[in-house]
2 protein chains.
Amino acid sequence: MIGKINLAAISERTGYSVSTVSRVLSGKAEKYRISKAAVKRVTAEAARCNYRPNLLAQSLRTRQSQTVGLVVPGIDNPFFATLSSVIMAQLSQRGYHTLLADSRESAEEERMALQMFQDRNVEGIISVPVASSPELHEDIGREIPLVLIDRYFEKTSLSYVCTDNYAGAYMAAKYLADKGYRRILAIQGVPASMPNRERVRGFLAALEGRDVYCSVRGDAFSVENGQREALAAFSGNPSAYDAIFAFSATILLGAISALRKLGLAEGRDVGVISYDNNGFLDFMNPPVTRVEQPLKEVGEVAVGALFNLMEARRCGDDAPAPVQQLIRPTLVVRESC
Amino acid sequence: MIGKINLAAISERTGYSVSTVSRVLSGKAEKYRISKAAVKRVTAEAARCNYRPNLLAQSLRTRQSQTVGLVVPGIDNPFFATLSSVIMAQLSQRGYHTLLADSRESAEEERMALQMFQDRNVEGIISVPVASSPELHEDIGREIPLVLIDRYFEKTSLSYVCTDNYAGAYMAAKYLADKGYRRILAIQGVPASMPNRERVRGFLAALEGRDVYCSVRGDAFSVENGQREALAAFSGNPSAYDAIFAFSATILLGAISALRKLGLAEGRDVGVISYDNNGFLDFMNPPVTRVEQPLKEVGEVAVGALFNLMEARRCGDDAPAPVQQLIRPTLVVRESC
DNA sequence: CAGTTTTGCGCAAACGATTGCGCGTCTAAT
DNA sequence: ATTAGACGCGCAATCGTTTGCGCAAAACTG
């Protein structure tokens, strides 16, 4: 602290003014016509005492913090962990740092995180929104470039990059039906959430007009929910359904544990298919057929979009049209149905 | 930006000076004997226009950033994701924000992250160290409170909170031997890393003097490594070993896939036991017996220790003795051996 | 040689907050 | 009535950078 070297220190040691030192060290020597001699002397001294600028002061002055804020609903969820990892890697590659916040699925915590981002002059924000209405995000988006990922709002002017949940669920349901399954139970997650609603739509649409009995139950992306619903569905009648479509890997695990408890074997007695990317699914017995979301692509497209917004902002251009993109997931066929 | 309200704005609107406004809004009204009237007028105006202080300016001036830096070797690894989650929750609860960096197991990236933390005046740092020597961490630890987690350096003055990898591996090996397994293959991770070395020590110590043939192979905490080593071990002779001890869940998965490829059933033909907390292990068939690390406790103790250091620093006390704690993991018995 | 341009650099004002010190006014004590 | 203390508040410096403007000396022009 006390001995921390700053521009003033270098200024003293070299005899040049703080201004000159600053200009040299921030690479503006040409622009301000600083002599070769000065440049040399200053850079030498800076290197000698290992000068590093105070980023807070720099940000305060320039209003550029080299930081973007990222808020997710649960970093301990492997899905968001992977997504965060991809995004942070992209940001880091572009010289940006990450302020990470975990909203824990709470709109209130999300609000606090977003405001904190504002108060720290982040240059951009990437958010997996939790709030049920877009107002806060839109307000902040007017001030700071902001891109939604994984979840989005309908009819919003905000940019978003999500996976096409309708298409994903459609693919899964169609696959089951084509395979000959005729009584399908879909166990869903949080009903109000956009991805979930889209999955329900896709699921139903795929089975529309086909001779398949189907049902959608459940209310959370959790193991417990999967377990509860599977238990409820099969305990009275072991052949109530011939297949389960789990809307997340956690739900799947719950369902499988329920099946086993009832003496039913997943894959053999009841076909199962799942959503999510978890590599563990390959090592289940049998390996689980699933809809995988292209997380890497989502992250990359989102960061790309964000930087476009930031670029425009820096140049004073008015914001480009929002990027609103749904990326198709892929069906990974294994042996569970 | 342009319309952002600051102390000056409130000062104008209320007629009080910036100083007074600042004192009122930062709760120092009493200390500076500001009149009730002024307090009321200022707080009202601040509330009316939703004033929020610029955290950069605040940090610059006070040298308190309400931020701690967290660096992990891979946020996409569920182990570190969970650990990060616990830590961030603890920090958030204490009113602190998190600057997260991912070193991707690279000492160079780790160095950059740590320096960046310094340059942003973080008040504390929690690090899962990647570097092979402690110098950098120790240098920074002299300036900023710093606690290591999960990995530590030998003979360091730094605080650390890790799990007792020796004890964990000892428990696992003893359990296998007690169960009657006599030819045990341990598939390790990165040999040089401290947790790995401790696990090897514990593993060997537990089998010392017992009539058990054992071997340690492998060199990475990856699926591929597990697969490669298991394949190499069993392909010549299907009964070369009767049990596998995987040093991580990823290694386990690789090993299992190799076994299956060779027509061997994990649990029945070859006992398996693993390290790691992944809940998926419960849903394998059979569920996998494993050594679980008390991540929650590690995170909590680490944050506690960090805040003690920070507290001392604030009060100008000299640093308290380093907390150097190894927390015992627990053996979670399932059916795979 | 006077006048213009270029060169090289420093002054000082920002960015938005915090805080030591001191100044005026009002009350109370002598 | 005078003085001391309490009271309420503002001035201005500070944290470490950046940057518009301008000034002096050197170089060039005619």
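Every chain is numbered from 1 and lettered A, B, ... according to where its sequence line falls, protein lines coming before strand lines.
Of the candidate nucleotides C:dA17, D:dT17, D:dG10, D:dG10 has the atom nearest to the side chain of B:S17. For A:L60, taking side-chain heavy atoms from C-beta onward, the closest of the listed nucleotides C:dC15, C:dA17, D:dT17 is C:dC15. Among the nucleotides C:dT18, D:dG10, D:dG16, the one closest to any side-chain atom of B:S22 is C:dT18.
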What's the verdict on ring-ring contact (aromatic ring centres under 6.0 Å, His included) for A:Y96 and A:F307, showing C-alpha distance, side-chain angles and the deciding distance? CA-CA 11 Å; A:Y96 275 72; A:F307 274 79; 5.1 Å; yes
Is there a salt bridge (charged side-chain N to carboxylate O under 4.0 Å, His left out) between B:E123 and B:R314? Walk through the geometry before answering. CA-CA 10 Å; B:E123 292 182 42; B:R314 256 198 308 276; 3.7 Å; yes
Candidate pair B:E105 and B:R151, rule salt bridge (charged side-chain N to carboxylate O under 4.0 Å, His left out), full reasoning: CA-CA 12 Å; B:E105 296 282 1; B:R151 307 177 185 173; 2.9 Å; yes
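Under the rule for a side chain to side chain donor-acceptor pair (under 3.5 Å), B:S103 has no partner lying at least two apart in sequence or in another chain. A:N308 pairs by the side chain to side chain donor-acceptor pair (under 3.5 Å) definition with nothing, not counting sequence neighbours.
Looking at heavy-atom distances under 4.0 Å, A:S19 makes contact with a base. At a threshold of 4.0 angstrom between heavy atoms, the contacts of B:T62 are confined to the sugar-phosphate backbone, with no base atom among them.
Note: NZ (A:K4) to C1' (D:dT14) measures 18 Å, nearest angstrom. B:I5 has its CD1 atom 16 Å from the C1' atom of C:dC15, to the nearest Å. Between the P atom of C:dA17 and the CZ atom of B:R63 lies a distance of 18 Å, rounded to the nearest Å. In this structure, A:L7 places its CG atom 6 Å from P of D:dT18, rounding to the nearest Å. In this structure, the CD atom of B:E12 is 16 Å from the C1' atom of D:dG10, given to the nearest Å. In this structure, the CG atom of B:N6 is 12 Å from the P atom of C:dT18, given to the nearest Å. Taking atom CG on B:N54 and atom P on C:dT18, their separation rounds to 10 Å, with Å as the unit. In this entry the distance linking CZ of A:R23 with P of C:dG10 reads 9 Å, nearest Å.
Contact of A:R61 with D:dT17 (side chain to base): no donor-acceptor pair of N or O atoms is detected under 3.5 Å.
For the atom pair CD1 of A:I140 and CD of A:E135, the computed distance is 12.0 Å after rounding to the nearest 0.5 Å.
Distances shown here put every side-chain N or O of A:Y51 at or beyond 4.0 Å from the OP1 or OP2 atom of D:dG16. Taking only side-chain nitrogens and oxygens, A:Q58 comes nearer than 4.0 Å to OP1 or OP2 of D:dT18.
Residues of residues 24-39 of chain A having a heavy atom closer than 4.0 Å to DNA chain D, listed by number: A:K28, A:Y32.
The residue from A:V21, A:T20, A:V42 that alone fulfils the side-chain contact (heavy atoms from CB on, under 4.5 Å) condition with A:L7 is A:V21.
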